[in-house]
Protein chains: 2
Amino acid sequence: MFYTIKQVADRFGLPAHTLRYYDKEGLLPFVSRDKNGNRLFSELDLNWIALICCLKNTGMPIKEIKEYSDWCKQGSQKLEERKALLIAHREQVEKQIEEFQKNLALIDTKIATYEDPELVKKMDEQATLALQQLSR
Amino acid sequence: MFYTIKQVADRFGLPAHTLRYYDKEGLLPFVSRDKNGNRLFSELDLNWIALICCLKNTGMPIKEIKEYSDWCKQGSQKLEERKALLIAHREQVEKQIEEFQKNLALIDTKIATYEDPELVKKMDEQATLALQQLSR
DNA sequence: ATAAAGGTTAAAGTTTACTTTAAGTCAAGG
DNA sequence: CCTTGACTTAAAGTAAACTTTAACCTTTAT
């Protein structure tokens, strides 16, 4: 079974031209074509795209994803590099999650100040004060 | 006590011109100046910048941070809007953390395949197969 | 038969968030 | 005195990741 670019685009919630752009950038090395040159996506291609999206959505730049794709195209020659890249990225993702959680905590304390009338009053006074100083 | 732009830049690990850029974009409404026009950052400004960085690092666009800044400049008039914006963003951040965790799980299963010689062999065969089909 | 729907390419344009450059002011140190 | 270093502004330039446009081809429905 094969899928058209439109079907794949819908499945992943991406516009079709973004898939073409990924293809052009070398991120989709395995996609075949029909006799008219139209792309045909297999189940394996869908798995591949899911991984590409995963890497992209966790902040890996297109260039690095392309490097990984290139290594995959070379069969078993670059297995160590591929694994190392994923492990390095995995650590990045973990760090990002930690940082997001820290930032979430800060946002929560800030929201909490908006829930306490006393603190809101203080914030307002501080802002007023700062602006008065500026307008001198 | 006041800090120079350099000191603040070092403290937050940002280049000084990025702070000037934020200022120009209206993200630093409370920063005062010395008689030569040089920026003087107070402790309150440092707290403010910490919040700005927190919002920026969790994916809030500069435009939206500016909107929040503008509301803060207006004192107590926009308290509800400010709180609502933070609560909406808080939800965004939570969603992003969840998505990151899902993606982390996918990366982990992918790494696991590289640790199993059988699965690695299968991957390689699939890639070879796909490329053979393409070169027909 | 012809027009609509969906595919193709190449290339130019857009957005965001800086970054760099150019040109200038000011105060301290040798 | 004059140079060095840190600051100032405005404006142009950059990088990444698309997005849009233009021009074209093929299949399918009326």
Side-chain angles (χ1 to χ4, degrees), chain A residues 1-42 45-46 49 51-70 89 92 96 99 103 134, chain B residues 2-42 45 49 51-70 89 92 96 99 103 134:
Chain A
M1 265 306 288
F2 287 102
Y3 304 90
T4 67
I5 197 164
K6 189 82 192 305
Q7 290 171 321
V8 179
D10 289 347
R11 159 115 42 142
F12 286 95
L14 297 168
H17 52 69
T18 299
L19 286 170
R20 283 191 207 103
Y21 162 70
Y22 288 165
D23 195 5
K24 202 181 72 183
E25 295 299 308
L27 268 45
L28 310 179
F30 305 119
V31 178
S32 55
R33 303 287 184 124
D34 70 10
K35 66 178 162 54
N36 299 316
N38 293 355
R39 290 172 185 80
L40 291 177
F41 295 81
S42 69
D45 290 328
L46 296 191
I49 292 169
L51 178 62
I52 295 311
C53 289
C54 165
L55 296 177
K56 196 211 58 173
N57 292 337
T58 49
M60 187 182 287
I62 301 280
K63 270 190 188 175
E64 204 173 329
I65 302 180
K66 176 169 167 46
E67 187 162 44
Y68 182 77
S69 303
D70 287 347
H89 185 62
Q92 283 294 311
Q96 286 184 82
E99 177 147 350
N103 284 326
L134 282 183
Chain B
F2 287 101
Y3 304 90
T4 67
I5 196 165
K6 189 83 191 307
Q7 290 170 321
V8 178
D10 289 348
R11 159 113 43 139
F12 286 95
L14 297 169
H17 50 68
T18 299
L19 286 170
R20 283 191 207 103
Y21 162 71
Y22 288 165
D23 195 5
K24 202 181 70 181
E25 295 298 309
L27 268 46
L28 311 179
F30 305 118
V31 178
S32 55
R33 303 288 184 123
D34 69 11
K35 65 178 162 56
N36 299 316
N38 293 355
R39 289 172 187 80
L40 291 176
F41 295 81
S42 69
D45 291 327
I49 293 170
L51 178 63
I52 295 309
C53 289
C54 165
L55 296 176
K56 197 210 56 173
N57 292 336
T58 49
M60 188 183 287
I62 300 280
K63 268 189 188 177
E64 204 173 330
I65 302 179
K66 175 169 167 45
E67 187 162 44
Y68 182 77
S69 303
D70 286 347
H89 185 62
Q92 282 295 310
Q96 286 185 81
E99 178 149 347
N103 284 326
L134 281 183

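In the text below, chain A, chain B and the rest are named by the order of the sequence lines, each starting its count at 1.
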Spacing of [X] atom [atom1] relative to [N] atom [atom2], expressed in whole Å:
X: His17(B); N: dA6(D); atom1: NE2; atom2: P; answer: 14 Å
X: Asp34(A); N: dT8(C); atom1: CG; atom2: C1'; answer: 11 Å
X: Ile52(B); N: dA17(C); atom1: CD1; atom2: C1'; answer: 15 Å
X: Gln7(B); N: dA6(D); atom1: CD; atom2: P; answer: 12 Å
X: Leu19(B); N: dC7(D); atom1: CG; atom2: C1'; answer: 13 Å
X: Glu25(A); N: dA17(D); atom1: CD; atom2: P; answer: 9 Å
X: Arg20(A); N: dA23(D); atom1: CZ; atom2: P; answer: 18 Å
X: Tyr21(A); N: dT21(D); atom1: OH; atom2: P; answer: 18 Å

Closest heavy-atom contact between [X] and [Y]?
X: Ser69(B); Y: Gly26(B); answer: CB-O, 3.5 Å
X: Lys66(B); Y: Glu25(B); answer: CD-O, 3.0 Å
X: Phe12(A); Y: Leu46(A); answer: CZ-O, 3.4 Å
X: Phe2(B); Y: Gln7(B); answer: O-OE1, 4.2 Å
X: Val8(B); Y: Ile49(B); answer: CG1-CD1, 3.7 Å
X: Leu19(A); Y: Ile5(A); answer: CD1-O, 3.8 Å

State which of dT19(C), dT8(D), dG7(C) makes the closest approach to the side chain of Ile5(B). dT8(D)

Select one nucleotide: of dA17(C), dC7(D), dT19(C), the one nearest the side-chain heavy atoms of Thr18(B). dT19(C)

Please state whether the phosphate of [N], meaning OP1 or OP2, lies under 4.0 angstrom from any side-chain nitrogen or oxygen of [X].
X: Tyr22(A); N: dA17(D); answer: no
X: Arg33(B); N: dT9(D); answer: yes
X: Arg39(A); N: dT8(C); answer: yes
X: Thr4(B); N: dA6(D); answer: no

Kindly give the atom pairs (protein nitrogen or oxygen, nucleotide nitrogen or oxygen) under 3.5 Å for nucleotides 22-27 of chain C.
| unit_1 | atom_1 | unit_2 | atom_2 | d |
| --- | --- | --- | --- | --- |
| dC26(C) | O3' | Asn36(B) | OD1 | 3.1 |
| dC26(C) | O3' | Asn36(B) | ND2 | 3.4 |
| dA27(C) | OP1 | Lys35(B) | NZ | 2.9 |
| dA27(C) | OP1 | Asn36(B) | OD1 | 3.1 |
| dA27(C) | OP1 | Asn36(B) | ND2 | 3.4 |

Assess the residue pair Tyr22(B) and Lys56(B) against the criterion (side chain to side chain contact (heavy atoms under 4.5 Å, CB included)); give the C-alpha distance rounded to whole Å, side-chain angles, the decisive distance to 0.1 Å, and a yes or no. CA-CA 11 Å; Tyr22(B) 288 165; Lys56(B) 197 210 56 173; 3.0 Å; yes

Here's a test of your reading of the structure: between Ala16(A) and Gly59(B), which maps to the more 5' nucleotide of DNA chain C? Ala16(A)

Within the sub-3.5 Å range, which N or O atoms of nucleotides 2-4 of chain D have a protein N or O partner, and how far apart are they?
none

Basic-acidic side-chain contact under 4.0 Å: Arg33(A), Asp23(A): yes

How far does CG of Asp45(A) sit from OG of Ser32(A), to the nearest 0.5 angstrom? 6.5 Å

So, taking the atom named CG in Leu14(A) and the one named SG in Cys53(A), what distance separates them when rounded to the nearest 0.5 Å? 5.0 Å

